[in-house]
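Just below is one structure, and these are the notes that go with it.
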Amino acid sequence: MKKYLGSCAVAAILLATAGVASARDQIKIVGSSTVFPYTQAVAEEFANKTGKPAPVVESTGTGGGFKAFCGGVGEDFADITGASRAIKESEVKLCAGNGVTDITEALIGYDGLSVAVSRSNTGDWNLTKAQIFQALAAQLPDGKGGLVANPNKKWSDIDKSLPDVNIVAFGPPPTSGTRDAFVELVMHPGCEKTAGMADLKKADEKKYTEACSRMRQDGPFIEAGENDNLIVQRLESDPNSVGIFGYSFLYENEDKLKDIKIEGVEASFETIKDGSYPVSRPLFIYVKNAHRDVIPGLKEFLEEYTSKSSMGEDGYLAERGLTPLDESKRAEVEKAVMEAKKIGS
């Protein structure tokens, strides 16, 4: 009864804001640039199969997606958001503060974070997390228990075995889940393995944590926005520069880009799935359940998204670069989504 009344209330909001006798006729989706191509593929398949309008899918970044998704209930707010990390407690609270209290989380698969160069680069790159941290961190240990602005200008400044070229790295902005994942999966472990950081941690853990997370802003690290295609263009124009993005994007651009090994391991579907690639992450979509019975086609879209033909090991999302779940896990996710399982329940 409560669920029915809640749906009626949402319908009333939607109808009032629309000022017409029917709710918005297109599903509205925001979120991660990494999840975007998968959601777009499902949107196209959904439209082809059902004849319904294709959902509007916008690439806003994970943080921007949660901000829009959690803005409220009603026609002006997104029905689904994609995320390249799990929702934060602060975002759950933001949602709740705006009346978005019934959300379903769906793990759709996995992605690796790639560091790549143009195919015109002839070097055989292999970087450790510590070397990446020492290239891209804002500050490094000064050898006296403190920190100094990162002095490394070339990769060879870090290790003579690395290329004698300027450090130029194009990466995601702070609003991106890719940035969050890169800091967590690469910068933090690299920081931990950098000489002098253990002493700083003992002396001042807050300062240590900040130093492990801050990207340099003096030129070598360049925020390239949420459009990964721009990174490809920049790597092609400067073969010595590197780009940071999801493996799926590298997979789609293998004719232009090549992978840099991390800790000696190449990114691939196999290494991401078996856990041997050291920089991998889960991908999600989040559903606003209050919209299910109001927005036309939303239930059918979710059914298509979580189906075996979409998310399965031989599904069309795997063909686009998603590292899929095994079948038992996919079926578990499908069941939870179709039953509108609420986060925390």
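Excluded from the calculations below are hydrogen atoms, water molecules and symmetry mates; all remaining heavy atoms, backbone and side chain alike, are included.
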Legend entry - Partner residues of Glu332 under the side-chain hydrogen bond (donor to acceptor under 3.5 Å, both in side chains) criterion, sequence neighbours left out: Lys329
Legend entry - Non-hydrogen side-chain atoms of Met187 and Met215 separated by less than 4.5 Å: yes
Inset, instruction - Kindly write out the residues that satisfy side-chain contact (heavy atoms from CB on, under 4.5 Å) with Glu205, not counting sequence neighbours, or none if the list is empty. - result: Lys201, Thr209
Inset, instruction - Mind checking ring pair (Phe, Tyr, Trp, His ring centres under 6.0 Å) for Phe182 and listing every partner two or more places apart, or none if nothing turns up? - result: none
Legend entry - Val242 side chain reached by Phe170 side chain, heavy atoms, under 4.5 Å: no
Legend entry - Min side-chain heavy-atom separation Ser268-Glu270 under 4.5 Å: yes
Inset, instruction - Over all heavy atoms of both residues, which pair between Pro53 and Gln26 is shortest? Give the atoms and the distance, please. - result: CB-CG, 3.5 Å
Inset, instruction - With sequence neighbours excluded, tell me which residues meet side-chain contact (heavy atoms from CB on, under 4.5 Å) with Asp218. - result: Lys153, Arg216, Pro220
Legend entry - CG/Asn48: more than 12 non-hydrogen atoms of other groups inside 6.0 Å: yes
Inset, instruction - Test Lys299 against Glu303 for salt bridge (Lys or Arg N to Asp or Glu O under 4.0 Å), laying out the working first. - result: CA-CA 6 Å; Lys299 288 181 180 178; Glu303 185 176 7; over 6 Å; no
Legend entry - Pro239 to Ser118 - nearest heavy-atom pair and separation: CA-CB, 4.2 Å
Inset, instruction - Check whether any side-chain heavy atom of Arg292 lies under 4.5 Å from a side-chain heavy atom of Val287, and answer yes or no. - result: yes
Inset, instruction - Decide yes or no for Lys129 and Cys191: does some side-chain heavy atom of the first lie under 4.5 Å from some side-chain heavy atom of the second? - result: no
Legend entry - NZ or CZ of Lys288 within 45° of Phe69 ring axis and under 6.0 Å: yes
Inset, instruction - Kindly determine whether Val115 and Ile262 satisfy side chain to side chain contact (heavy atoms under 4.5 Å, CB included), including the steps that lead there. - result: CA-CA 8 Å; Val115 182; Ile262 307 296; 4.1 Å; yes
Legend entry - Pair listing, side-chain hydrogen bond (donor to acceptor under 3.5 Å, both in side chains) test, anchored in residues 180-194, at least two apart: Arg85-Asp180, Gln134-Thr194, His188-Ser213
Inset, instruction - Return yes if a side-chain donor-acceptor contact under 3.5 Å exists between Asn289 and Asp102, otherwise no. - result: yes
Legend entry - Residue pairs fulfilling side-chain hydrogen bond (donor to acceptor under 3.5 Å, both in side chains) with at least one residue in residues 243-264, sequence neighbours excluded: Tyr38-Ser248
Legend entry - Heavy-atom pair with the smallest gap, counting every atom of Leu322 and Gly109: CD1-CA, 4.0 Å
Legend entry - Pair Ser84-Thr34, side-chain donor/acceptor within less than 3.5 Å: no
Legend entry - Heavy-atom side-chain proximity of Tyr286 to Thr104 below 4.5 angstrom: no
Legend entry - Non-hydrogen side-chain atoms of Leu325 and Tyr110 separated by less than 4.5 Å: yes
Inset, instruction - Answer yes or no: is there a side-chain heavy-atom contact under 4.5 Å between Tyr305 and Thr39? - result: yes
Inset, instruction - May I ask whether Val30 and Leu283 are part of the same hydrophobic cluster, defined by side-chain heavy atoms of I, L, V, M, F, W, Y residues being less than 4.5 angstrom apart, directly or through others? - result: no
